[in-house]
J.: 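Questions regarding the structure given below will be posed in turn.
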Amino acid sequence: LNKINKFIINSFLNSLMDKFREEIIKAIKKEIKDVDITLEVPPKPELGDYAFPCFSLSKFYKKNPADIAKDLALKIKKSKFISEIKVIGPYLNFFINKDTLNEDTLSRILKEKNNYGSSGIGKNKKIILEHTSINPNASPHVGRARNAFIGDALARILRFSKYSVEVHYYVNDIGKQIAMLVLAAKNKKNIQFEDLLKIYMDIAAKVEKSKDLEKDVLNLLYKLENGDKKIISEFKKIVNVSIKGQIKLLSELGIEYDVFDYESSYLWSRKTHEALKLLEKTGRFFFDKDNRFVLDEKGFELGMKVPVLVLTRGDGTSLYPLRDIAYALDVGKKGENIVVLGEDQKLYSDQINSALKILEKKTRKAVFYSFVLLDEGKMSTRDGNVVLLEDFMSEALKKAGGELRQRYKKIDNKAARVIAYGALKYGILKVSPEKNVIFNWQQALSFDGETAPYIQYAYARISSIIKKNKNKLPKKADFSLLDKKEEIELIKKLADFPNIVEKTANELRPSIIANYVYELAKQFNEFYHIHNILKEKQDTKNARLLLASCVRQVLKNSLNLLGIDVLERM
């Protein structure tokens, strides 16, 4: 992804705090020529909003840094952006003009509403985002949900940042696992999605113990690749049952896809054959003792003793890597390709990218994620060794309903669903992708701490305040009245939201927004417990009502980017 300039002066594309930073840098540069200016953020707000360390100027001016700071303080003038300048030892500390901050930030949020935070960095850029792509052989487990949650959040964040995003689901419909299901499905009628897991587990155990069954599976794949219409029909039938079940499950969580790419299409269109021919022309291939086509990937840092990639079986039928290379070549023609993968796929992803580099084609950008573990041990589930997503969702609904009954003596099914699914998503998305998620039910559904219900409750609390004001918000207010420490810090947090979104889009880490929105909710709650909103004088009341409304808007925008809904009352 291309990064835009760090600061865009006199533009609303970036965070308003960046605007202040840039104006301070400009003021310093008027007095100091040809020197790189780096500002720091003081450890405490009372020390200022930004600080310029003068150590680097000591050699140039032949002076003590503290004296340089004093000299500069006399030369730099206050402005619309700078309200005060203080010398603290060798540091020149700047206090931003709070009236400008308040007016610009809150007015912008009130004007832009649902669009506040969008920087537009993706304008005229297209991304093909592939995520989930579960083998269509059974109901997905919780670990796969992390792929879908991250992928869906990235799609929302990138679209919000004005990228043209096409979400793809790559259906592995012709692999060995599907062939085993096809073999097991013979003589079975009306197979349902719910039946697939047990059927697959049974046949997988049998194939592992029987060479004859292994041969039958490979024979099915051979017939498939050679166009046997009856076999093709049987593969399609079993895959359709699985895909429909998986998509129904994911759509309940609000996760949607634009395009379904079927692996088989790369066989029937002979694109796998074309990819093989392209690789053959590079001269970096050989046939091994089993007559398999092998790509030599020496020279690429793959951490392997023998860096090779096997692309076909001995009978000439294709393996996953060849089909994935053909797919990557195809998708690469449409835009930047981002794919969400489990961390166990790192080496494999590097191998695919090495093949693309050999062909001098665009590589894929991968977002890797680690495992999801249950803090309380495994839930009871049908196969005994994995936790299914559908069981996880049911458990979340049951526990959310219980929480609501305990609090309000009744259950609102819509609220329970929003709370339950929000808790699932946030509990996973708040953790950096490279770290394991240790999922704890009690913690995830708590209305206190770093959880979705805590954030959703902050949103509902603000909605309740506005409702008590007869659902009316003032059309304007004097934002200079918002001069308390908690108010200023809250507004600075709101001003930083566009930067947070841009950082998330650039780094492809939804956890950045997840952590931000919790901090925002926490800061609002601290403000709420100290300062009254509705029982103040009218001018202060108006200003605080609009401040609360702006916080509510940014809470909503943040949660929407994570695929989490809000509730007007909880």
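These values consider heavy atoms only, across backbone and side chains, with no hydrogens, waters or symmetry-generated copies.
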J.: For the residue pair Y266 and Y170, does the interplanar ring angle fall in the parallel (under 30°), tilted (30 to 60°) or perpendicular (over 60°) class?
T.: perpendicular
J.: Taking only residues two or more places apart in sequence, or in another chain, which ones meet T282 in a side-chain contact (heavy atoms from CB on, under 4.5 Å)?
T.: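 If we apply the side-chain contact (heavy atoms from CB on, under 4.5 Å) test to T282, skipping adjacent residues, the hits are R284, I358, L359.
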J.: Compare all side-chain heavy atoms of S318 with those of L267 and state whether any distance is below 4.5 angstrom.
T.: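 Side chain of S318 against side chain of L267, heavy atoms only: contact under 4.5 Å found.
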J.: How far apart are the closest heavy atoms of A400 and A416, and which atoms are they?
T.: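 A400 and A416 have their closest heavy atoms at CB-O, 3.6 Å.
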J.: Are Y454 and N525 side-chain neighbours, meaning at least one heavy-atom pair lies under 4.5 Å?
T.: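 They are in contact (side-chain heavy atoms under 4.5 Å apart), so the answer is yes.
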J.: Is there a side-chain contact between I238 and L196, using heavy atoms and a 4.5 Å cut-off?
T.: yes
J.: If you measure from OG1 on T504 to CD1 on I513, what distance do you get to the nearest 0.5 Å?
T.: 4.0 Å
J.: For residues E434 and E343, report the shortest heavy-atom separation together with the two atoms involved.
T.: O-OE1, 4.3 Å
J.: Testing T132, D258, V259 one by one against Y169 for a side-chain contact (heavy atoms from CB on, under 4.5 Å), which residue passes?
T.: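 Of T132, D258, V259, side-chain contact (heavy atoms from CB on, under 4.5 Å) with Y169 is met by T132 alone.
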J.: Residues in ring-ring contact (aromatic ring centres under 6.0 Å, His included) with Y200, at least two apart?
T.: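 Residues passing ring-ring contact (aromatic ring centres under 6.0 Å, His included) with Y200: none at all.
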J.: If the condition is ring-ring contact (aromatic ring centres under 6.0 Å, His included), which residues does Y426 pass it with, not counting sequence neighbours?
T.: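 Scan of Y426 (ring-ring contact (aromatic ring centres under 6.0 Å, His included), adjacent residues dropped) gives none.
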J.: Would you say the side-chain atoms of N557 and Q553 include a donor-acceptor pair closer than 3.5 Å?
T.: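 Per modelled atom types, N557 and Q553 side chains form a pair under 3.5 Å.
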J.: Do F193 and S139 make a side-chain contact, defined as non-hydrogen atoms from C-beta onward lying under 4.5 Å apart?
T.: yes
J.: How close do L562 and A514 get, counting heavy atoms only, and between which atoms?
T.: CD1-CA, 3.8 Å
J.: Hey, what's the ring geometry for Y257 with F260, parallel, tilted or perpendicular (30° and 60° as the breaks)?
T.: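 Tilted: the ring planes of Y257 and F260 meet at 30° to 60°.
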J.: Salt bridge between E256 and R156, side-chain N to carboxylate O under 4.0 Å?
T.: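 No, no charged N to carboxylate O under 4.0 Å.
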J.: Parallel, tilted or perpendicular for F160 and F497, by the 30°/60° rule?
T.: tilted
J.: Tell me whether K430 contacts the main-chain N or O of E450 through its side chain, where contact means a donor paired with an acceptor under 3.5 Å.
T.: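 Yes.
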J.: Can you list the residues that meet the side-chain contact (heavy atoms from CB on, under 4.5 Å) rule with E568, with sequence neighbours excluded?
T.: Y459, S463, R552
J.: For residues 349-356, run the donor-acceptor check on the side chains, cut-off 3.5 Å, and write out each pair with its distance to 0.1 Å, sequence neighbours left out.
T.:
unit_1	atom_1	unit_2	atom_2	d
Q351	NE2	V308	O	3.1
N353	OD1	R364	N	2.9
N353	ND2	R364	O	3.0
S354	OG	D350	O	2.8

J.: Take K399 and E403, measure what salt bridge (charged side-chain N to carboxylate O under 4.0 Å, His left out) needs, and give me the verdict at the end.
T.: CA-CA 6 Å; K399 288 183 182 295; E403 184 72 25; over 6 Å; no
J.: Do I121 and K162 come close enough that some side-chain heavy atom pair is under 4.5 Å?
T.: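 A side-chain contact under 4.5 Å is absent here.
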J.: Should the pair F293 and F287 be assigned to parallel (<30°), tilted (30 to 60°) or perpendicular (>60°) ring geometry?
T.: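 Perpendicular, since the angle between the ring planes exceeds 60°.
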J.: Do R417 and E252 pass the salt bridge (charged side-chain N to carboxylate O under 4.0 Å, His left out) test, and can you show the C-alpha distance, the side-chain angles, and the key distance before you say yes or no?
T.: CA-CA 10 Å; R417 192 171 298 274; E252 190 175 339; 2.7 Å; yes
J.: Specify the closest pair of heavy atoms between A138 and Q246, including all atoms of both residues, with the distance to one decimal.
T.: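 That would be O-NE2, 2.9 Å.
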J.: For a quick test of reading the model, state the closest non-hydrogen atom pair linking A444 to F439 and the distance between them.
T.: CB-CZ, 3.6 Å
J.: Which atom names give the shortest non-hydrogen contact between T451 and S446, and what distance separates them?
T.: OG1-O, 2.6 Å
J.: Are E395 and K398 within salt-bridge range, i.e. N to O under 4.0 Å?
T.: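 Between K398 and E395 there is a salt bridge, with a charged N closer than 4.0 Å to a carboxylate O.
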J.: Please tell me if the side chains of E214 and V217 come closer than 4.5 Å, counting only heavy atoms from C-beta onward.
T.: no
J.: Measure from the side-chain N and O atoms of S251 to the backbone N and O of K248, and report whether any donor-acceptor pair falls under 3.5 Å.
T.: yes
J.: Given the rule in the salt bridge (charged side-chain N to carboxylate O under 4.0 Å, His left out) test, do E336 and K365 qualify, once you have shown the distances and angles that lead to the verdict?
T.: CA-CA 8 Å; E336 294 289 334; K365 186 176 182 67; over 6 Å; no
J.: Rounded to the nearest 0.5 Å, what separates atom CD in E263 from atom OG1 in T272?
T.: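 Separation between the atoms: 10.0 Å.
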J.: Got L347 and M304 here, is their nearest side-chain heavy-atom distance under 4.5 Å?
T.: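 Result yes, sub-4.5 Å side-chain heavy-atom pair found.
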J.: Between Y320 and R323, is there a cation-pi geometry (under 6.0 Å to ring centre, at most 45° from the normal)?
T.: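 Judged by the rule, R323 and Y320 form a cation-pi pair.
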J.: With distance as the sole criterion, is a donor-acceptor pair present between the side chains of T317 and D315 under 3.5 Å?
T.: yes
J.: Judged by atom type as modelled, is there a donor-acceptor pair below 3.5 Å linking the side chain of N226 to the main-chain atoms of Y222?
T.: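 Checking the backbone N and O of Y222 against the side chain of N226, a donor-acceptor pair under 3.5 Å is found.
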J.: Between K198 and D202, is there a salt bridge with N-O shorter than 4.0 Å?
T.: yes
J.: Ignoring hydrogens and geometry, is there a side-chain-to-backbone donor-acceptor pair from E208 to I203 under 3.5 Å?
T.: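 Answer holds: no.
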J.: Residues in ring-ring contact (aromatic ring centres under 6.0 Å, His included) with H168, at least two apart?
T.: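 Result, ring-ring contact (aromatic ring centres under 6.0 Å, His included) vs H168: none returned.
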J.: With a 3.5 Å distance limit and no angle check, can you tell me whether N436 reaches the backbone of F371 through a side-chain donor-acceptor pair?
T.: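 Checking the backbone N and O of F371 against the side chain of N436, a donor-acceptor pair under 3.5 Å is found.
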J.: Is the shortest side-chain heavy-atom distance between H131 and L154 below 4.5 Å?
T.: no
J.: Would you call K230-E234 a salt bridge at under 4.0 Å N-O?
T.: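 The answer is yes: the pair qualifies as a salt bridge.
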J.: Would the distance check show the side chain of K223 and the main-chain N or O of I231 forming a donor-acceptor pair, the cut-off being under 3.5 Å?
T.: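 Answer holds: no.
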